Number of protein chains: 2
Amino acid sequence: MRTLDHPSRDEMRLDTVLAALADPVRRTVACKLNDAFGDHACATFELPVSKSTATYHFRTLREAGVIRQEYEGTKIMNTLRKDDLDARFPGLLDAVFAAQDIERAEATAPESRD
Amino acid sequence: MRTLDHPSRDEMRLDTVLAALADPVRRTVACKLNDAFGDHACATFELPVSKSTATYHFRTLREAGVIRQEYEGTKIMNTLRKDDLDARFPGLLDAVFAAQDIERAEATAPESRD
DNA sequence: TTGGTAGTACGAAATTCATCGTAGTAAAGT
DNA sequence: ACTTTACTACGATGAATTTCGTACTACCAA
C-alpha cells in the first residue's frame, strides 16, 4: 500500500502554510474541501491547470500540512486538516476562507451601480 | 512633497496580502509595527538584508496594502494599516500575528525536555 | 552652499515557482 | 493477462521573486 508523508502538527511552519494558501489554485482546493463533506479525489476538482501541475499543487498543500492525502485504490482522497491547522494556528484558516468568500462575492456581485 | 501610492480598501487582494505576509522579512516588519506604538522609519527595523532589498520589501508591503508609508522630511514613516485590513479581511491579520507569536515562542523556548 | 541622511531606481544575478509534456507505476476492473 | 484509471516522477522552460551594488534624489542642517 502506498503512503504519503505528512508533517505533524508541530512541524507545520507559518511560512509554508501562508505560501501554500497564497496561491489561488491551491486556495481553491482548500476552500472546496472546506465547503464539501467527506473527502475528494484529485480529479474531481476541475482546476484550470494540467494534471501534472495539479499534482504539484496538491503536494505543496500536503507538505505544508494543509491537506491530508491517502491512497484509496488508484485514487488519492484529499481531506482538509482543519483540526490540526486550528490547533496549530488558531483562526488562520477561518480568516483565510472568510476573506476568500468576500472576494468571491465581489467577483460575482453586480459590481456596484454605474 | 513626495507621496506614495497605496491601494484603497477594496483594491486590496487576498493573493497579494497573503504573499506579502508569507515572507519572513516582511512578516517581521508587520509584526513590529503591530507591537510598537506610533510609526517608524524604515531604518529602525534592523532587517537581515541590504538597504535596497529592504526598500523592495517595504514597497511590497505597501502595494499589498499592509502598511502605509508617508514621507516626513527625508525619512519615510511606516504604519500598519490595521483598520483597513480588519475591515477588508476580518480576523486575518490577528490570526497571522497570533501564529507568528506561537512560532516565535517555540524558537526561544527550551524545546521541550531531552 | 556644502554635506549628511534616508531613502529610491535601475540593472544584474541567483534562486524559486508554476507550468507543461512525456513516460511510468500501482491498483482495480474485465 | 490485459486494459483502464488515477495519479506520480522527471526534466525542461519561462516567469516571478529575492537579492545586491551602484548611482541617484529630495530634504534637512550647519
Side-chain angles (χ1 to χ4, degrees), chain A residues 1-7 13-33 36 38-79, chain B residues 1-6 13-30 32-33 36 38-79:
Chain A
M1 179 57 100
R2 290 174 289 180
T3 55
L4 294 159
D5 273 358
H6 295 79
R13 298 279 290 101
L14 183 56
D15 272 21
T16 317
V17 171
L18 287 179
L21 294 174
D23 182 275
V25 174
R26 291 192 291 260
R27 211 164 50 243
T28 299
V29 170
C31 287
K32 281 190 180 171
L33 286 175
D39 44 16
H40 298 273
C42 296
T44 66
F45 284 86
E46 300 184 24
L47 302 172
V49 292
S50 74
K51 217 157 72 149
S52 48
T53 302
T55 294
Y56 160 73
H57 285 303
F58 278 104
R59 185 174 61 240
T60 302
L61 284 167
R62 172 171 51 82
E63 289 177 349
V66 177
I67 65 171
R68 170 158 279 117
Q69 298 195 283
E70 279 167 309
Y71 274 100
E72 196 161 301
T74 126
K75 292 185 178 76
I76 288 183
M77 288 306 180
N78 300 281
T79 47
Chain B
M1 178 57 97
R2 290 174 288 179
T3 54
L4 294 159
D5 273 357
H6 295 79
R13 297 279 292 104
L14 182 56
D15 272 20
T16 318
V17 171
L18 287 179
L21 295 174
D23 183 274
V25 174
R26 291 192 291 261
R27 210 163 50 242
T28 299
V29 170
K32 282 189 179 172
L33 285 175
D39 44 16
H40 299 272
C42 295
T44 66
F45 284 86
E46 300 182 25
L47 302 173
V49 292
S50 74
K51 215 159 69 149
S52 47
T53 302
T55 294
Y56 159 74
H57 285 302
F58 279 104
R59 185 175 62 239
T60 302
L61 284 167
R62 172 172 50 81
E63 288 176 349
V66 176
I67 65 171
R68 169 158 280 116
Q69 298 195 283
E70 278 167 308
Y71 274 100
E72 195 160 300
T74 129
K75 292 186 177 74
I76 287 183
M77 289 308 180
N78 301 280
T79 46

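On a predicted model such as this, the values are computed, not experimentally measured, just so you know.
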Can you measure B:K51 atom NZ to D:dC24 atom C1' for me and round it to whole angstrom units?
11 Å
Between B:S50 and B:T53, do the side chains contain a donor N or O and an acceptor N or O under 3.5 Å apart?
yes
Where chain A begins and ends its contact with DNA chain C, read 5' to 3' at 4.0 Å from heavy atoms:
C:dC17 to C:dA28
Side chain of A:R26, backbone of A:A20: donor and acceptor closer than 3.5 Å?
yes
Do side-chain atoms of B:T28 reach the backbone of B:P24 as a donor and acceptor pair under 3.5 angstrom?
yes
Have a look at A:A41 and say if it touches a base, only the backbone sugar-phosphate, or nothing, with a 4.0 Å heavy-atom cut-off.
sugar-phosphate
When B:H40 is tested against each of B:T79, B:L33, B:I76 for side-chain contact (heavy atoms from CB on, under 4.5 Å), which residue passes?
B:L33
Taking the nucleotide of DNA chain C with the closest heavy atom to each, which residue, A:G73 or A:V49, is nearer the 5' end?
A:V49
Can you name the closest pair of heavy atoms from B:A54 and B:V49 and give their distance?
N-CG2, 3.9 Å
Between A:R62 and A:L4, does the side-chain contact (heavy atoms from CB on, under 4.5 Å) criterion hold? Intermediate values first, please.
CA-CA 9 Å; A:R62 172 171 51 82; A:L4 294 159; 3.9 Å; yes
For DNA chain C, which residues of residues 55-65 of chain A approach it to below 4.0 angstrom with any heavy atom?
A:Y56, A:H57
Can you tell me how far P of D:dC27 sits from CD1 of B:I76, to the nearest Å?
12 Å
Without decimals, in angstroms, what is the distance between A:L4 CG and D:dC7 C1'?
10 Å
Minimal non-hydrogen separation, B:Q69 against B:N78, with atom names:
NE2-OD1, 2.8 Å
Please report the distance, rounded to the nearest Å, between CG in B:D15 and P in D:dT17.
11 Å
Just how far, in rounded Å, is P of D:dC24 from CZ of B:R2?
17 Å
Within residues 18-33 of chain A, which residues have any heavy atom lying less than 4.0 Å from an atom of DNA chain C?
A:D23, A:R26
Between B:D15 and A:R27, does any NZ, NE, NH1 or NH2 come within less than 4.0 Å of an OD or OE carboxylate oxygen?
yes
